[in-house]
Amino acid sequence: MKFLFLQFITLILVLGCSTQSTKDLMPPISDRLPPSYQLSSDKDTVSQDLFLQELLKPVAAEQSVELSTQWWAEYKRAMIWQDDKPQISCRLYSKLSKEKMFPLHSLARLRALQTCEKKSFFADFSKENSWIENQPWLKRDAIDTSIKIYTLQKNQPELLKLYWEKSKLSLPASQKINLTKRALDIATQLNDEKAKEKLTKRVYFLSPSEMPLPKKRDYLKVARDYRHKRLFTKSRSYYNKIIKQKGFNHHQRLLAYKGIRKSYKLQLDKENYIKSTENLFIYTKKIYRRNSKKDWYKNQLLDNGILLARTYWTKGMNKQAKNVLTYLVFKLGKTNSDLSKAYWVLGRMAEEESNFQQAVNWFTKAKDLIKPNSHLYGDIHWLLAWNLRKLKKYDESNIVLSEIIKLDDNDFEKFRYQFWYAKNLKQLNKDQEAQNLFEEIIHNDPVGYYGIVARRENQMVISKVSLRNPANATDHVLSRHMNEVYLEWLISLDEKNVARDYLDYISDKFEKEKLTDKDVWLALLNNYARAGQYLSLFYRLNRSDPEIKDRVLYSQPGLIFPQPYYSYVNSAAQKFGMSTEFIYAIMRQESAFNPYARSHADAFGLMQLLPEVAEKSASANQVPYQNPRDLFKPFVNIQIGTSFLRSLYDKYDGQTILAIASYNASEEAIDNWMKTKYRGSSLEFIEDIPYNETQNYVRLVIRNMVYYTLFNTKDSFIKFPEWMLDLNKGLSI
């Protein structure tokens, strides 16, 4: 038995990069597709079982149950009883595993080994090894199965290896740590000093805060780990050790100051957030005075000064921000090309104060200094063109826009520049030229934000496009490369994680072989959607050839606007009086439907909720919530997220743009923007949002809402929903 499973794991690991065709890897199976039955998820287990047993009864005495129906019903019965009556599951999985024509007989064998309890069962399997297939996509299940069997056999040495191996899979950090600790416990019991040393190092690598006596070189890692675990007081205690104790260099101390600042930001402690940013700059000035001729210290002074100025500016402390920027210009000299960053902030503040000519002056200074390879190059040119437009100097604005249209390789930014170039043309009464450019944007950006608002400008409707049938696409273009019958059974039987790993295996193989058949890639992306693996779908789409992206966006936008967890979303929509389209538009942008998403800002789950916000919202709306881990549960996350979205919608009197923006940024910031930036045009207000992340977020959520609204209507087209842009009430806020 020991040799059997070692051989299995070895095959899985070694043959993952086999050059055989994917179809050659598959065992011989029938070409029987699964039946079209579905098991209702809202029924209890007994009711589900009664339905399945009815399927297993022949219609007439002289007839037999169709083989594919029998396989499907037996596998589903095995699945539903796995927890409560494992003996039923064991019997059914074992039966299916011996039917070589059943497409999932190898997987059924793994499931049987995971379910059955009798040791004699394992002995029977050890007599034959024909079930050990060369199927790398079953690696996770193979490891889990081996762990179960070796646990029953109390085979500690093999368990140690398996926990170690599983800890290296793509898993949440907490699971990796727990698996490594299990392996470490076994190594301790076995007195395996070499393994103990290796595993202890891995625990400390994955979770530095667990070091009993961390050395100075580890303090930064320990502090970051505590911060990640939201133990902010402990985190700051280590950052302060770096700042106050001897033996740390300037770079490490600056990182410690920034770490403290980050911890207060995550804690939503505004006062200490500002104070810690000031402390960072005070220390930076101190070390700069001693090393003023060295470039590294000049760069630190500039970057941390800009950071403080932007922090002041964000909090409405413009006078303090200008003082910092004036200091930087004085210290670093007016010809320093990096000072374009300071001029950029000064220009943004002048623009916010409606002093557009002064803003143009600052942005012109920045433009004269900025290097073409700088990440701010396009932004400074855009802001110069934008403020020239505000001064109604449309020709001059278009001269600047034409420069960056030629140079910028980012399609999204290029569509933005072209859209406002066309809007300038309209102001210059060049309506036909403007219309032609809008049509070009619509063609090149068919389901993007600027493609949608360009349709609005040309008074065009937004139409549904004909979606191809995913199953037909699979049949005719993927059959040469993968076993489509095998995949159909995985999807039909809800073995979605195995389906994902199978599709990932094929995708990796296609990428390695540089397969360029667009029909094949399109069908593969379709199958990710059918398997409910949206995160993998978006990941693969982002890595695809630009032509494939364009084709998906143009011909199958439904692939990127799915509606999973519908029962939860619909329930929350009805409970809180929100549309499902709004909820999905937010969820799509926040997490790409990954229930385990966790952002750098410590937002959790499908709707990316901060624990502090979630706790308050859950309490106010009687949603069960105990700790941040609950936010990984779709039902809890969607309920709390929708209630929070509703509160923002009410606060801003039903103004969609403001509700969207405040979901991403602070309500304080939104109120300030309405006072300083709204001048009657909703589209211009969106472009004036000073946070790039929030600005892009608003545009994409609006785009999402338009398409979810389109797909959920019975009509074949919709006009642009003007209510989404309504900000007329905003002036009174």
Side-chain angles (χ1 to χ4, degrees), residues 227-233 235 261-274 311 314-315 565 568-569 571-573 575-579 582-674 689 691 693-694 696-698 700-701 704 733:
R227 192 182 77 204
H228 184 72
K229 294 174 180 176
R230 302 187 67 80
L231 298 171
F232 298 121
T233 302
S235 173
R261 176 182 184 270
K262 179 74 170 179
S263 73
Y264 284 123
K265 183 176 183 180
L266 292 172
Q267 232 175 331
L268 305 179
D269 186 336
K270 173 184 171 181
E271 184 178 344
N272 281 310
Y273 172 61
I274 295 172
T311 302
T314 302
K315 302 302 179 183
Y565 309 106
Y568 296 154
V569 171
S571 172
K575 180 177 179 180
F576 297 105
M578 299 298 291
S579 70
F582 203 167
I583 299 169
Y584 274 123
I586 293 287
M587 195 188 303
R588 164 71 176 77
Q589 213 52 44
E590 288 288 345
S591 68
F593 307 108
N594 175 14
Y596 301 106
R598 183 174 178 180
S599 76
H600 64 278
D602 257 3
F604 290 73
L606 287 167
M607 298 186 75
Q608 288 290 277
L609 297 163
L610 294 170
E612 294 83 0
V613 172
E615 185 174 4
K616 186 185 298 184
S617 188
S619 175
N621 294 281
Q622 294 78 52
V623 179
Y625 174 79
Q626 294 181 339
N627 57 60
R629 290 190 300 277
D630 287 340
L631 295 174
F632 291 135
K633 300 173 183 177
F635 174 77
V636 173
N637 192 285
I638 292 169
Q639 289 278 315
I640 297 175
T642 304
S643 69
F644 179 55
L645 182 60
R646 178 73 215 197
S647 70
L648 298 174
Y649 188 76
D650 289 342
K651 173 180 171 62
Y652 293 109
D653 204 10
Q655 296 170 107
T656 305
I657 291 174
L658 302 185
I660 295 170
S662 59
Y663 199 96
N664 181 262
S666 71
E667 295 171 46
E668 177 187 19
I670 307 303
D671 293 343
N672 181 54
W673 298 342
M674 282 305 296
I689 292 175
Y691 298 174
E693 179 186 334
T694 304
N696 197 41
Y697 181 83
V698 170
L700 292 175
V701 171
N704 295 347
I733 291 177

Q. Does Thr642 use its side chain to pair, donor to acceptor, with the backbone of Ile638 at less than 3.5 Å?
A.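 Checking the backbone N and O of Ile638 against the side chain of Thr642, a donor-acceptor pair under 3.5 Å is found.
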Q) Is there a donor-acceptor pair closer than 3.5 Å between any side-chain N or O of Asn637 and the backbone N or O of Met607? A)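 Here the side-chain-to-backbone pair exists.
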Gap separating the [atom1] atom of [X] from the [atom2] atom of [Y], nearest 0.5 angstrom:
X	Y	atom1	atom2	result
Trp673	Asp671	CH2	CG	10.5 Å
Arg230	Asp602	CZ	CG	4.5 Å
Thr311	Arg261	OG1	CZ	4.0 Å
Arg598	Arg629	CZ	CZ	10.5 Å
Ile670	Leu648	CD1	CG	9.0 Å
Tyr663	Leu645	OH	CG	6.5 Å

Q: Please say whether more than 12 non-hydrogen atoms of neighbouring residues, nucleotides or ligands are located less than 6.0 Å from NZ in Lys315.
A: yes
Q) Is the number of heavy atoms from other residues, nucleotides or ligands under 6.0 Å of Lys265 NZ greater than 12? A) no
Q | Residues which pass salt bridge (charged side-chain N to carboxylate O under 4.0 Å, His left out) with Lys270, listed by chain and number, not counting sequence neighbours | A |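 With sequence neighbours excluded, Lys270 shows a salt bridge (charged side-chain N to carboxylate O under 4.0 Å, His left out) to Glu668, given in chain and number order.
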Q.
Restricting to non-hydrogen atoms, name the atom on Gln608 and the atom on Ala597 that form the minimum distance, rounded to 0.1 Å.
A. NE2-O, 3.2 Å
Q) Between Val636 and Pro624, which heavy-atom pair has the shortest distance, and what is it? A)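 Shortest heavy-atom separation between Val636 and Pro624 comes out as CG1-O, 3.6 Å.
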Does any part of the side chain of [Y], heavy atoms only, come nearer than 4.5 Å to the side chain of [X], both counted from C-beta?
X	Y	answer
Leu631	Tyr625	yes
Ser662	Phe644	no
Gln639	Phe576	yes
Tyr568	Ser571	no
Val698	Ile657	yes

Using a 3.5 Å cut-off and no angle test, enumerate the donor-acceptor pairs between side-chain atoms of residues 585-593 and protein atoms at least two apart in sequence or in another chain.
residue	atom	partner	partner atom	Å
Arg588	NE	Ile560	O	2.7
Gln589	OE1	Asn704	ND2	3.0
Glu590	OE2	Tyr697	OH	2.6
Ser591	OG	Met587	O	3.4
Ser591	OG	Phe593	N	3.2
Ser591	OG	Leu606	O	2.7

Q.
With side-chain contact (heavy atoms from CB on, under 4.5 Å) as the criterion, how do Tyr652 and Glu667 come out once you've worked through the C-alpha distance, each side chain's angles and the decisive distance to 0.1 Å?
A. CA-CA 10 Å; Tyr652 293 109; Glu667 295 171 46; 3.6 Å; yes
Q: Carefully, step by step, assess Leu658 and Lys651 under the rule side-chain contact (heavy atoms from CB on, under 4.5 Å).
A: CA-CA 9 Å; Leu658 302 185; Lys651 173 180 171 62; over 6 Å; no
Q | Contacts of Thr656 that satisfy side chain to side chain contact (heavy atoms under 4.5 Å, CB included) - sequence neighbours left out | A |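 Testing Thr656 for side chain to side chain contact (heavy atoms under 4.5 Å, CB included), a comparison that skips the adjacent residues, returns Phe582, Tyr649, Ile660, Met705, Trp723.
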